[in-house]
Trainee: 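Starting off with a structure, shown below.
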Amino acid sequence: MELGFFVLGAIVSLINSIAGGGSSLSLPIMIFLGIPPTVANGTNRIGLIVGNVSSVYNLAKHGYLNKKIFKQLAIPTAVGSLVGVCFLMQIGDKAFQAMLAVVICVVAVMGRLRKDILGKPPEKPPEKLTLGGALGFALVSIYGCIIQVGVGFVQIFSLTRYTGLDPIHVNALKNSLTTIFLVISTAALGIAGKIDWPIALTMAAGAWVGGYLGSTLQRKKGNKFIENFVSVCSIAMAIYLIVDLVLSN
């Protein structure tokens, strides 16, 4: 079982490092294995933090992290995280599972949207934080705190629209900002006893490997195959969650 959670942590972090949506695989699997949804949510986040740190370290080492934009967006991300935590602590298992099923379906659709669907991104990042950017990324972090699943796709879309940067620079920013709200929300879940620490630490060990491999792979291969794979798996897992939710009532 420990090896299975190690591998799961590695796969999820590899996918999240390159694109997003990895939790749409891990959370349903953990719920299927009998872990309560809110505990699965907290446990899963430990590995995500480790995987993000691993990925950011590798990308920053090769000069892909735009530190100026990160500093612009770090404060609204942290503020949004604190707001999101207030909602996160009020959600029960059934409500979370229902929202998770809906979100996974939306994530599968978002993964196929053109990134310029609302117009072309700017030619270069803004010099100063805009009001729209502050509000937008605060909302993203609120969502990330509460649900977390699929927030990578939301961030990729938002960061591309806001900065105009290429995908690998966007991914470096995405993983850095994600770490902020993951740390804040995971701390709250830990205090509330919503983390299974033996499983979390096993997945975290795999996540470090997966995050590093994912950041290396995206510099060489791209992520089209993984995006397609996540879309198919997301739909299948969402169907399972919906059926399980209906049958358990």
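Basis for what follows: all heavy atoms, side chains included, without hydrogens, waters or symmetry-related copies.
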Trainee: Identify the residue among L48, L177, V50 that makes a side-chain contact (heavy atoms from CB on, under 4.5 Å) with L182.
Mentor: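 Running side-chain contact (heavy atoms from CB on, under 4.5 Å) over L48, L177, V50 with L182 returns exactly one hit, L48.
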Trainee: Could you tell me which non-hydrogen atom of Y212 sits nearest to which non-hydrogen atom of S54, and how far apart they are?
Mentor: N-OG, 3.1 Å
Trainee: Closest approach of I31 and A40, non-hydrogen atoms and distance?
Mentor: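 Closest heavy-atom pair between I31 and A40: CG1-CB, 4.3 Å.
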Trainee: Are I69 and L129 connected, step by step, through hydrophobic side chains (Ile, Leu, Val, Met, Phe, Trp, Tyr) whose heavy atoms are closer than 4.5 Å?
Mentor: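 Yes; tracing contacts between hydrophobic side chains, which count when under 4.5 Å, links both residues.
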Trainee: Quick one: does any side-chain atom of S55 pair with a main-chain N or O of S215 as donor and acceptor, under 3.5 Å?
Mentor: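 Such a contact is absent between S55 side chain and S215 backbone.
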Trainee: Please determine whether residues F87 and V154 belong to a single hydrophobic cluster, defined as Ile, Leu, Val, Met, Phe, Trp and Tyr linked transitively by side-chain heavy-atom distances below 4.5 Å.
Mentor: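 Linked, F87 and V154 end up in one cluster.
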Trainee: Report the C-alpha distance between F70 and T77 in whole Å, list the side-chain angles of each, state the deciding distance to 0.1 Å, and finish with yes or no for side-chain contact (heavy atoms from CB on, under 4.5 Å).
Mentor: CA-CA 10 Å; F70 172 72; T77 296; over 6 Å; no
Trainee: Does the R45 side chain pair with the main chain of C145, one donor and one acceptor, at a distance under 3.5 Å?
Mentor: yes
Trainee: Might you point out which heavy atoms bring A172 and L65 nearest each other, and give the distance in Å?
Mentor: O-CD1, 3.7 Å
Trainee: State the CG-CG distance between L131 and L135, to the nearest 0.5 angstrom.
Mentor: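 Here the interatomic distance stands at 4.5 Å.
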Trainee: Only one of T186, L27, I35, I199 passes side-chain contact (heavy atoms from CB on, under 4.5 Å) with N44; say which it is.
Mentor: L27
Trainee: Would you sort out whether L173 and L73 count as a side-chain contact (heavy atoms from CB on, under 4.5 Å), showing the intermediate values?
Mentor: CA-CA 9 Å; L173 283 169; L73 300 177; 5.8 Å; no
Trainee: Assigning hydrophobic clusters by single linkage (Ile, Leu, Val, Met, Phe, Trp, Tyr; side-chain heavy-atom cutoff under 4.5 Å), is L8 placed with L33?
Mentor: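 Shared cluster, yes.
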Trainee: Indicate the atoms forming the closest heavy-atom contact of P198 with T202, along with that distance.
Mentor: O-OG1, 2.9 Å
Trainee: With a 6.0 Å cut-off (strictly less than), is the heavy-atom count around NZ of K61, excluding the residue itself, greater than 12?
Mentor: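 Check passes, neighbour count above 12.
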Trainee: Taking Q72 for the side chain and G133 for the main chain, is one N or O donor matched with an acceptor at less than 3.5 Å?
Mentor: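 Not confirmed, Q72 side chain does not pair with G133 backbone.
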Trainee: Atom CD1 of I195 and atom CG of N41: how far apart are they, to the nearest 0.5 Å?
Mentor: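 These two atoms lie 9.5 Å from each other.
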Trainee: Judged by modelled atom types alone, do T178 and N52 share a side-chain donor-acceptor pair under 3.5 Å?
Mentor: no
Trainee: Can you hop from V183 to V151 via hydrophobic side chains spaced under 4.5 Å?
Mentor: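 Yes, one cluster joins them.
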Trainee: Which heavy atom in G80 sits nearest to a heavy atom in I142, and how many Å separate them?
Mentor: O-CG1, 3.1 Å
Trainee: Hey, does the side chain of S141 reach the backbone of F181 with a donor-acceptor pair shorter than 3.5 angstrom?
Mentor: no
Trainee: Can you tell if the side chain of W208 reaches within under 4.5 Å of the side chain of V53, non-hydrogen atoms only?
Mentor: yes
Trainee: Take F137 and L159 through the side-chain contact (heavy atoms from CB on, under 4.5 Å) test and state the conclusion after the steps.
Mentor: CA-CA 9 Å; F137 285 96; L159 284 167; 3.6 Å; yes
Trainee: Which value, rounded to the nearest 0.5 Å, describes the distance between M203 atom CE and L201 atom CG?
Mentor: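 Taking CE in M203 and CG in L201, the distance rounds to 11.0 Å.
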Trainee: Okay, side chain of N175, backbone of N171: is any donor-acceptor separation there less than 3.5 Å?
Mentor: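 At least one qualifying donor-acceptor pair exists.
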Trainee: Is Y64 reachable from Y57 through a run of I, L, V, M, F, W or Y residues, each pair having side-chain heavy atoms under 4.5 Å apart?
Mentor: no
Trainee: For the pair K174 (side chain) and N16 (backbone), establish whether a donor and an acceptor sit closer than 3.5 Å, ignoring hydrogens and angles.
Mentor: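 Present.
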Trainee: May I ask you to test the D196-F5 pair for a side-chain heavy-atom distance under 4.5 Å?
Mentor: no
Trainee: What's the shortest heavy-atom distance between T160 and I156, and which atoms?
Mentor: OG1-O, 2.7 Å
